[in-house]
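Input: a single structure, listed below in structure tokens.
Order of the sequence lines sets the chain letters (A, B, ...), proteins ahead of strands, with each chain counted from 1.
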Number of protein chains: 2
Amino acid sequence: MPDQPVKKQRDAEATKARILSAAKKEFAKSGLGGARVDVIAERAKANKRMIYHYFGNKEDLFQIVLEDAYVDIRTAEQKLELEHLPAREALEKLVRFTWDYYLKNPEFITLVNSENLHKARHLKKSEVIEVVSRRFVNMVGGLLDRGVAEGVFRKGVDPVQLNITIAAIGYYYLTNRFTGSIVFHRDLMAPEALEERLAFNIDTIMRLVCVAP
Amino acid sequence: MPDQPVKKQRDAEATKARILSAAKKEFAKSGLGGARVDVIAERAKANKRMIYHYFGNKEDLFQIVLEDAYVDIRTAEQKLELEHLPAREALEKLVRFTWDYYLKNPEFITLVNSENLHKARHLKKSEVIEVVSRRFVNMVGGLLDRGVAEGVFRKGVDPVQLNITIAAIGYYYLTNRFTGSIVFHRDLMAPEALEERLAFNIDTIMRLVCVAP
DNA sequence: CACCTAATGCACTAACTAGTTACTTTCTTA
DNA sequence: TAAGAAAGTAACTAGTTAGTGCATTAGGTG
């Protein structure tokens, strides 16, 4: 008898997980419209029938992939525990995290782009998004207030505008890395270029939020 | 007899123009993959055969639409004649222009997104892009130098990073307006919201570039 | 062990889609 | 005005794609 646990020949959870992972890759690569259900099935080493069995249809699958992606980034942000750091350090950590997350999870960006092409009609139907989003905005709002109390941030900065700006300066650079590398005659993805951009982004946000020293 | 000039029954240039215009709309709405050649033909009030006759195939048509879009924004930027303004005013005008252009030409954003999903393989083949892009970067580079000479801008700001940032803070807000409106529980496209964002963007760039007063 | 339910596989279809073939109509010009 | 070039049309093809009907198989449970 093998001492490892006997490998199940049928495993619904594992199959579902493989489908979700394959779908994430395929949707990220080709968008909702360009993604092929057959490709997802093949990459998941599952029969196409399973996709319809577990997830209903292509659009429903996309919605779940998208929700998962949002929950993942919002969960990772909460784990930063910014409350335990001085405000300036916390803000820098958030800018750094956002950049690193986009860099390591390029599917997130492409999924969001695809969803916006479809006017967010899947996110609109989602219920989890409400909850995780609110917690996120509150976190940054709290951080700003604390910075003002510490005397390091200026008053009156809108947490939503700040959130959007932190995301924007990283997101735009990375989502447009292909056209950008052509327009600016520069390999935007070279290691030094990435370092330089992160430093620039931190500087941009600090100048925006901090009081003059 | 009708006193209007006899309507031309055949007009190659007009047909080409109608196809390009329809293609721009359709590609912007659905991306390269999602766009339908039949829809383009119908909207252009042209026979589908004409598209292949004048433009070769779907991808070639996309490339021309994309090139036209880039040439259009770069031409409009040159018309700003920023050289004739004090550096601070010129920079603010550029931020304002970029925002307004994206707002009035949302197809530009969607076309660029689609092109990046395809790793810029059409822009890579383009020859016009090189020329118009270089002129654009030089313009902002010159503006920065002039601001330093005037004593209003700090030294050492990279014109490419600045360009990217100016684009980013407008582009991200607008391209993600659908998901953003859900995540932030706020109608990002309400007139007051748009005004507020523009003001915030100008402030962000000024704090980034200007010397302390 | 026998039954039942959930997991899986195969082969199919109905609709769609980029691109083409073969043709007609209109305009220009020698 | 005749002829050829250019503009335009309709119907078709070959390949693709989301989704399904139905049969089969494995594993847990009484």
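Straight-line distance from the CZ atom of A:R36 to the P atom of D:dG15: 17 Å, rounded to whole Å. Rounded to whole Å, atom P of C:dA18 lies 5 Å from atom NZ of B:K58. Rounded to an integer number of Å, the gap from OH of A:Y52 to C1' of C:dC12 is 14 Å. Rounded to whole Å, atom P of D:dC12 lies 17 Å from atom CZ of B:R49. Between B:D38 atom CG and D:dC12 atom P the separation is 15 Å, expressed in whole Å. Summarising the geometry, the separation between CD1 on B:I40 and P on C:dT17 is reported as 12 Å, rounded to the nearest angstrom. Atom P of nucleotide D:dG8 and atom NE2 of B:H53 are separated by 9 Å, given to the nearest angstrom. Atom CG of B:L32 and atom P of C:dT17 are 14 Å apart (whole Å).
Partner of B:Y172 under the ring-ring contact (aromatic ring centres under 6.0 Å, His included) criterion, chosen from A:Y102, A:Y171, A:Y173: A:Y171.
Projected onto DNA chain D by closest heavy-atom contact, A:E59 and B:A12 fall at different nucleotides, the more 5' of which corresponds to B:A12.
Residue A:T15 has a polar side-chain atom (N or O) positioned under 4.0 Å from OP1 or OP2 of C:dT8. Side-chain N/O atoms of A:Y54 include one lying less than 4.0 angstrom from OP1 or OP2 on C:dT8.
The backbone N or O of A:T179 sits nowhere less than 3.5 Å from a side-chain atom of A:N176 that would complete a donor-acceptor pair.
Between the base of D:dG19 and the side chain of A:K48 there is a donor-acceptor pair shorter than 3.5 Å.
Within 4.0 Å of B:A35, counting heavy atoms only, lie sugar-phosphate atoms of the nucleic acid but no base atom.
A:R197 and A:N201 share a donor-acceptor pair across their side chains, judged by distance under 3.5 Å alone.
Partners of A:N47 under the side chain to side chain contact (heavy atoms under 4.5 Å, CB included) rule, at least two apart in sequence or in another chain, are A:R49, A:M50.
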